[in-house]
Amino acid sequence: MSAELLDGKALAGQLREELAARTSALVARVGAAPRLAIIRFDAEGPSAVYVRSVAMAAERVGISPVVVMLQSDAAQVAVGEQIDELNRDPSVAGIVIAEPLPVGLSKTEVAARIDPAKDVDGAGPENAGWLARGEPRLVPATALSVMTILRRHAIPIAGRLAVVVGRSPVIGRPAAQLLIGADATVVVCHSRTSDLGAETRRAEILVVAAGRPGLIGPDMVSRGCVVIDCGINTTATGVVGDVAFEAVRGSVAAITPVPGGVGPVTSMMVVAQTIDAAERFAEMDIPG
Ligand code: NDP
């Protein structure tokens, strides 16, 4: 029997309608659409896909994307000054940074400059701290996408064994923290895990974010497992995830495809958190 396909494209479409309704209500209340600033450092390089998909997701729900192009060798001071300007701009509710950053700049340090209330990809240390304390505010969008896919497909989380492969601050670590917050029992694996298959075979929910095509094969999953594949790897045969999709889909209960799984939902999560931020600014009656 083949697995249930957790279709991220279809879910992103539903989310788009819900978020467009929230944006309209907000515009009716405050008189203007919030803006989402996307800072990038390369005109046509690796950030292009990210910038395009976030900008398009924003436009589709009525939020104005503003792409801020900085020099590919911009210095920390110049980047900081640009972020300060966006922090002060009341029309900007959210700020995200597209990788790659100029050599020598740390994403955490750059993200630390973003007003935490506008840090809609949860990239800065203050939002990471709230999440680590179990009191999430704005969180990394891919990790939120994992949770949204599980919740919107009514997949039970509480009390289940969730195994997360990857511990980066962008996906694995925050996904594990959100799963703990949802009362899963969580195991986090990484490149030094001694027997990865022994861990993944125990998983009732398996979240994979390693950036290694085909890392998870059919011998590494159990029947009944729900597999969320965050990997995006460009190979000679096209874009693939970290899970050998065709080989694994017959052995599990549900699985996200790549492409068309976590990715489209992630862009919507950046937009959703921009609306969350703008709504909070409106509640506080201060400009966003
Ligand atoms: P990183 O390279 O920062 O982290 C990868 C993690 O996987 C590390 O913790 C690493 O362990 C672990 N890992 C690597 N190899 C193995 C292995 N053989 N066995 C077990 N663990 C391993 O990647 P990211 O977290 O930034 O991204 C992961 C993937 O997700 C990439 O394919 C990326 O393109 C994709 N991505 C997808 C997004 C989406 O929206 N779907 C958004 C952003 C990224 P260690 O810590 O020990 O090095």
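As the structure lists them, so they are numbered: ligands from 1, and atoms in each ligand from 1. Throughout, residue positions are numbered sequentially from 1 according to the sequence presented. Both backbone and side-chain heavy atoms feed into the values below; hydrogens, waters and symmetry mates do not.
- When all heavy atoms are compared, the tightest approach of P259 to V239 is CD-O, 3.7 Å.
- Less than 4.0 angstrom separates atom 2 (O) of ligand 1 from none of the non-hydrogen atoms of the protein.
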- Message: Could you go through V262 and D229, starting from their C-alpha distance and side-chain angles, then the distance that decides it, and tell me whether this counts as side-chain contact (heavy atoms from CB on, under 4.5 Å)?
- Response: CA-CA 7 Å; V262 175; D229 186 356; 5.8 Å; no
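- To the nearest 0.5 Å, the span separating CG on L19 from CZ on R22 amounts to 6.0 Å.
- In terms of protein heavy-atom proximity, atom 12 (C) of ligand 1 is closest to G166 CA, 4.0 Å.
- The closest protein non-hydrogen atom to atom 37 (C) of ligand 1 is C230 O, 3.0 Å.
- With I232, T266, T142, I171 as candidates, the residue nearest to atom 44 (C) of ligand 1 on a non-hydrogen basis is I171.
- Distances below 4.0 Å separate heavy atoms of V262 from the following atoms of ligand 1: 41 (N).
- Proximity to N233 (heavy-atom distance under 4.0 Å) selects the following atoms of ligand 1: 32 (O).
- There is no side-chain donor-acceptor pair under 3.5 Å between S72 and D42.
- Looking only at heavy atoms of the protein, atom 21 (N) of ligand 1 is closest to H190 C, 3.1 Å.
- For atom 45 (P) of ligand 1, the nearest non-hydrogen atom from the set S191, A209, G241 belongs to S191.
- The environment of CD in E135 is crowded: more than 12 heavy-atom neighbours from other residues, nucleotides or ligands sit within 6.0 Å.
- Here the heavy atom of the protein found nearest to atom 31 (C) of ligand 1 is G211 CA, 3.6 Å.
- One finds a salt bridge joining D89 and R35 here, because a Lys/Arg side-chain nitrogen approaches an Asp/Glu carboxylate oxygen to under 4.0 Å.
- Of all heavy-atom pairs between P218 and A247, the closest is CB-O, 3.6 Å.
- Here the protein heavy atom with the shortest distance to atom 25 (O) of ligand 1 is S168 OG, 2.5 Å.
- The pair E85-R113 does not meet the salt-bridge criterion, since no charged nitrogen lies less than 4.0 angstrom from a carboxylate oxygen.
- Taking atom 9 (O) of ligand 1 as the reference point, the nearest protein heavy-atom neighbour is R167 N, 2.8 Å.
- For P116 against E126, the heavy-atom pair with the smallest separation is CG-OE1, 3.4 Å.
- Considering only non-hydrogen atoms, atom 5 (C) of ligand 1 lies nearest to A210 out of G263, A210, A175.
- Protein heavy atom in closest approach to atom 18 (N) of ligand 1: L215 CD1, 3.6 Å.
- The single protein non-hydrogen atom nearest to atom 15 (N) of ligand 1 is R212 NE, 3.4 Å, given as residue, atom name and distance.
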